[in-house]
Amino acid sequence: MKKITYIGVLCTLVFACTSPDDSLPPADGGNKTDPQWFDGLDLPQADPTGYPYDRTKMTTATVSINTSSKVAANNLLLGLNFSGFTTADEKEIVRYLDPVTVRFPTGVWSNWYDWETDSYSYPNDGYDIGEFHRRVIDTWQILGVVGGFPGLKELHDELGFNMLFTYNVNTDSPAESVARLKDREAKGFDVKYIELGNEQFWEDQRSAKTATPINYLMTASAIAKALKAEKPSVKLSVPYGWRANQAAYNAQVGLKIGPFEIDFDAISLHKYVDPEKSSPNVVKTKDTYKTILNSGREIDIAKDFVSQFKPDKTIWLTEWGVNAGKSAASYLGQADAYLYLFANQDVYERAEWFGATTVLNAMYKYEGDPVPGSPLVNLKKTGFGMVYEILRDVFEDSELLETTVFTRILDESMNAVEARAVTKNGKTQLFVLNKTPRSVPFRAEIDGKFWEGSQKLESLSFNSLQDDKLLDANENPLTLISEGTDVVVLPPFSVSKITL
């Protein structure tokens, strides 16, 4: 279901809708339509360079919250891909983040992971996996690079995070796949989620066994049957591609051909919203900024494409990211995408950002070398990590409240302000995204009455769409903006936490 449909048709049933009347709720009397509530406020603006929408219009936001309509937030939407679990530094970063859920092995290399030796190798079957993949694996074998399962087990024993395992359908037999499941469970993992390979819609991620879509269908169907026989409750996913030229692959792997049909529960979708890959300080095109600021819509389009092949399957967004350079536009787009996921958690069963410490979309990175014995000393938090920490602070272990947003509509499916209310630890909190270079007066209505009590506004804000920030790992990304009964004013280009 596309976001514009969701906004226009389901706002009374789910969580968000907009008004074209610059944030004024339906005219039902009282002070709901009284514009005086924001008169006389100091409303500074940010640098609008590159901003793709009209910035001259006054913008406000009113959020209506229905506390009688609530649903538990799906913590599995806050999952991560990590770069490793072997070194002391890698382990300490995992401990520091205390992740909700972890994917292992990460990415393309899971297609050549040998679970019995915790190493990587490709079969000598004559199939061409490409010079790059061969060179990397050959180098890893020389250097003794491992997957890191012993470290993963150590961390899992300590932290107890949820797991998503990506299986090697290129080389493992059904019996070997079952043996892997049994081995992991014997080592303390409750194996609930398994991906049947990584991106086999790309030819260079296959093997002779999976060389064609039909070969993959036959191979994966046998593995799925064996895994379901061993553990009927295990959930399996199949990777589908979101590009138009991958439609034939999607259609073929979902076929039933004689005894061959994959018994699976979900589609693995990998979607990176990265419309313009250039250096961070380059001003992007207006179309790029429109795309990145509306990243949720881009994920929704990809979801619609893959879902048409198997409409009854949920989506596992096991690799994803938002990036138009290290800049505010990317971080605001990340926040928009997460708001979209939580608004559609009936469709998305889990999501793993790529990645926590990977080069791509890194939430954390080292400035200088790690300090032996103190691995967090030189660890820095990027804008992605800042937004992620605010998201976890608000959404993890919360209950989502029905939330209706009235604000200026920037185009046919993008609001100036997006928000979601939750209840957590006995308090009502809001995660609020201001996509504009203007300060935005904000107010909350709870169960038909405007909130007149104290409200605490903490924000992460940026000076322009090109602005970037880097903090020490332990620094709080939020700055206290206001606390009390005065009108809340959202800073320009900001991600905010409001506590009522």
Side-chain angles (χ1 to χ4, degrees), residues 38 41-46 59-63 65 73 78 96-98 328-339 342 363-364 380-401 403 405 407 415-446 450-465 467-500:
F38 55 79
L41 296 173
D42 182 23
L43 301 174
Q45 298 187 34
T59 302
T60 66
T62 297
V63 171
I65 303 166
L78 296 166
Y96 168 71
L97 287 176
D98 191 11
S330 299
Y331 311 141
L332 299 174
Q334 175 196 17
D336 179 78
Y338 270 110
L339 281 168
F342 278 105
M363 292 181 173
Y364 299 86
K380 301 295 182 181
K381 179 162 38 195
T382 72
F384 292 125
M386 297 176 209
V387 171
Y388 179 73
E389 287 188 7
I390 300 167
L391 281 154
R392 281 191 72 176
D393 185 25
V394 174
F395 286 101
E396 187 175 358
D397 297 326
S398 73
E399 288 185 296
L400 307 179
L401 299 175
T403 306
V405 180
T407 191
N415 301 334
V417 173
E418 301 279 8
R420 189 58 186 270
V422 307
T423 179
K424 183 174 179 178
N425 299 326
K427 292 184 177 293
T428 299
Q429 297 180 341
L430 296 103
F431 182 91
V432 186
L433 169 63
N434 178 8
K435 301 181 183 181
T436 78
R438 300 183 65 102
S439 296
V440 175
F442 174 95
R443 61 180 175 174
E445 178 194 65
I446 301 181
F450 283 106
W451 179 257
E452 296 180 351
S454 180
Q455 42 198 355
K456 181 179 180 181
L457 170 66
E458 300 168 277
S459 299
L460 167 67
S461 60
F462 300 92
N463 296 324
S464 69
L465 289 176
D467 189 17
D468 191 19
K469 293 181 185 294
L470 197 66
L471 298 178
D472 290 339
N474 290 313
E475 282 189 80
N476 187 347
L478 289 169
T479 298
L480 178 63
I481 305 299
S482 63
E483 187 171 12
T485 57
D486 291 342
V487 174
V488 164
V489 177
L490 305 173
F493 295 138
S494 64
V495 174
S496 297
K497 172 188 173 183
I498 299 175
T499 304
L500 304 181

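Being a predicted model, the structure only gives us computed values, none of them experimental.
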Within 45° of the six-membered ring axis of Phe493 and under 6.0 Å from that ring's centre, is NZ or CZ of Lys435 located there?
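The answer is no, since Lys435 fails at least one limit relative to Phe493.
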Is there a donor-acceptor pair under 3.5 Å between the side chain of [X] and the backbone N or O of [Y]?
X: Ser494; Y: Ser459; answer: no
X: Arg420; Y: Phe395; answer: no
X: Ser439; Y: Pro44; answer: yes
X: Tyr338; Y: Leu78; answer: no
X: Gln455; Y: Ser482; answer: no
X: Thr436; Y: Arg438; answer: yes
X: Asn476; Y: Leu478; answer: yes
X: Glu396; Y: Asp393; answer: no
X: Lys381; Y: Ala473; answer: yes

Heavy atoms, side chains only, cut-off 4.5 Å: are [X] and [Y] in contact?
X: Trp451; Y: Arg443; result: no
X: Leu391; Y: Phe431; result: yes
X: Asp336; Y: Glu418; result: yes
X: Leu430; Y: Ile65; result: yes
X: Val417; Y: Leu490; result: yes
X: Met386; Y: Gln334; result: no
X: Tyr96; Y: Asn474; result: yes
X: Ile390; Y: Glu458; result: no

Would you name the heavy atoms of [X] and [Y] that are closest together and state the gap between them?
X: Ala328; Y: Ser464; result: CB-O, 3.2 Å
X: Ala419; Y: Val63; result: CB-CG2, 3.9 Å
X: Thr59; Y: Ala416; result: CG2-CB, 3.7 Å

About how many Å separate [atom2] of [Y] and [atom1] of [X], when rounded to the nearest 0.5 Å?
X: Ile446; Y: Thr428; atom1: CD1; atom2: OG1; answer: 5.0 Å
X: Phe38; Y: Phe442; atom1: CZ; atom2: CZ; answer: 15.0 Å
X: Leu97; Y: Met363; atom1: CG; atom2: CE; answer: 8.5 Å
X: Gln429; Y: Ser398; atom1: CD; atom2: OG; answer: 8.0 Å
X: Asn434; Y: Ser461; atom1: CG; atom2: OG; answer: 9.5 Å
X: Phe342; Y: Leu400; atom1: CZ; atom2: CG; answer: 7.0 Å

- Task: May I ask you to decide if the ring planes of Tyr331 and Phe384 are parallel, tilted or perpendicular, using 30° and 60° as cut-offs?
- Result: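 The arrangement is perpendicular - the two ring planes meet at more than 60°.
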Side chain to side chain contact (heavy atoms under 4.5 Å, CB included), that's the test. Do Asn425 and Asp397 meet it? Break it down for me. CA-CA 9 Å; Asn425 299 326; Asp397 297 326; over 6 Å; no
Exercise for the section: Test Val489 against Val440 for side chain to side chain contact (heavy atoms under 4.5 Å, CB included), laying out the working first. Expected result: CA-CA 5 Å; Val489 177; Val440 175; over 6 Å; no
Query raised in the report: Between Leu401 and Thr423, does a side chain to side chain contact (heavy atoms under 4.5 Å, CB included) hold up when you go through it step by step?
Result: CA-CA 7 Å; Leu401 299 175; Thr423 179; 4.2 Å; yes
